[in-house]
Amino acid sequence: MTMLASRPAAPTRSRREWWIPASLLALTFVPALAGAVRLVDLSGGRTEENARFFDLPLPIIVHIVGATTYCVLGAFQFMPSLRRRRPRWHRMAGRVLVPAGIAAGLSGMWMAVFSDLPVYDNTTLVWLRLFFGSLMVAGLVLGVRAVLGGDIRTHQRWMARAYAIAQGAGTQALVLGPMIVVLNQQGIDQPGGNLKAAGMGFAWVLNLAVAEWLVRRSQSAGRPTSAD
């Protein structure tokens, strides 16, 4: 009787875990939609708004495709039941995710340095993009190195950190969106450079803090939570 009663536990737990990719995909929705709009805009010809990307579109295309692939496919790497039941899928997905994430990080840093600075950005924001972009790429490399060396716990932590940084754009939309609404009511179009940099930096730090807490909590409870 005890064995029969305990069998449905696994499917129930699996259903409950779907909130993880669902919430991460929801966080990805706004930046993914913005990226798609940007690609359509570039395909329509040169405009004043897309001029900074139009002459050399490859970095922005690589960034949008790489970041969208990484954030969407990576969301499912955080389901413990999926990794447990489909370890081969987890490994194969990781072989797509790591190059996609590195491509997104490197192209983002390239644009931060070589693309024209938007009107409402400043040097502080450039350095923030370079710092967190470097940390994301380093996290992916260190995560791969750890798993190749058999250190699964370190692998989990670095992959979670890298994914948290990649999801920065989604959290930044949640942070900066209300800020822009308030400023618009006061007749101000966009937040100034320092205010924008503070909001975006806060979003990255918040994501990292949440990821660090979740992965350490999961590891202490004996439930690995990695993404590769």
Side-chain angles (χ1 to χ4, degrees), residues 23-38 41 48-53 59-60 62-64 66-68 70-72 74-75 78 101-140 142 157-217 227:
S23 60
L24 293 174
L25 290 174
L27 194 62
T28 305
F29 177 76
V30 171
L33 179 61
V37 170
R38 174 65 70 189
D41 181 49
E48 183 178 349
E49 184 180 351
N50 69 23
R52 60 190 294 254
F53 301 121
I60 186 65
V62 170
H63 185 72
I64 292 171
T68 302
Y70 182 69
C71 290
V72 171
F78 289 91
I102 290 176
L106 292 178
S107 59
M109 289 189 286
W110 194 99
M111 289 187 294
V113 174
F114 296 108
S115 294
D116 294 334
L117 198 64
V119 176
Y120 296 101
D121 287 10
N122 62 7
T123 306
T124 302
L125 188 49
V126 171
W127 283 108
L128 282 174
R129 285 172 171 148
L130 290 175
F131 173 76
F132 285 105
S134 299
L135 186 58
M136 175 182 165
V137 173
L140 288 166
L142 291 171
R157 292 180 181 182
W158 279 116
M159 289 302 182
R161 292 162 185 158
Y163 188 81
I165 294 171
Q167 282 283 16
T171 307
Q172 287 158 5
L174 296 177
V175 172
L176 295 177
M179 188 186 301
I180 293 173
V181 171
V182 172
L183 291 174
N184 287 345
Q185 292 176 347
Q186 299 175 3
I188 302 173
D189 187 31
Q190 291 284 338
N194 288 332
L195 186 58
K196 184 177 180 181
M200 293 182 71
F202 171 76
W204 272 314
V205 171
L206 177 62
N207 278 13
L208 281 171
V210 172
E212 198 73 22
W213 176 72
L214 286 174
V215 75
R216 289 180 182 273
R217 179 173 176 265

query = Judged by atom type as modelled, is there a donor-acceptor pair below 3.5 Å linking the side chain of Asn207 to the main-chain atoms of Val210?
reply =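 Such a contact is absent between Asn207 side chain and Val210 backbone.
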- prompt: Is the backbone of Ala112 close enough, under 3.5 Å, to the side chain of Ser115 for a donor and an acceptor to pair up by distance?
  reply: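 Not confirmed, Ser115 side chain does not pair with Ala112 backbone.
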Find out whether [X] and [Y] are in side-chain contact, i.e. whether some heavy atom of one side chain is under 4.5 Å from a heavy atom of the other.
X      : Y      : result
Leu135 : Leu208 : yes
Leu106 : Met109 : yes
His63  : Trp110 : no
Leu174 : Val30  : no
Phe78  : Val215 : no

To the nearest 0.5 Å, what is the distance between [atom1] ([X]) and [atom2] ([Y])?
X      : Y      : atom1 : atom2 : value
Met200 : Arg129 : CE    : CZ    : 4.5 Å
Leu176 : Lys196 : CG    : NZ    : 7.5 Å
Leu142 : Met159 : CG    : CE    : 9.0 Å

If you take all heavy atoms of [X] and [Y], which pair is closest and at what distance?
X      : Y      : answer
Ala104 : Gly66  : CB-C, 3.9 Å
Ala164 : Ala211 : CB-CB, 3.7 Å
Asn122 : Asn194 : ND2-OD1, 2.9 Å
Gly101 : Leu140 : C-CD1, 3.6 Å

Review point. Among Thr28, Leu25, Leu24, whose side chain to side chain contact (heavy atoms under 4.5 Å, CB included) with Cys71 holds?
Key: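 For Cys71, the side chain to side chain contact (heavy atoms under 4.5 Å, CB included) test succeeds with only one of Thr28, Leu25, Leu24, which is Thr28.
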Mutual orientation of the aromatic rings belonging to Tyr163 and Tyr70 [parallel < 30°, tilted 30-60°, perpendicular > 60°]: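 If you compare the ring of Tyr163 with that of Tyr70, the planes turn out tilted.
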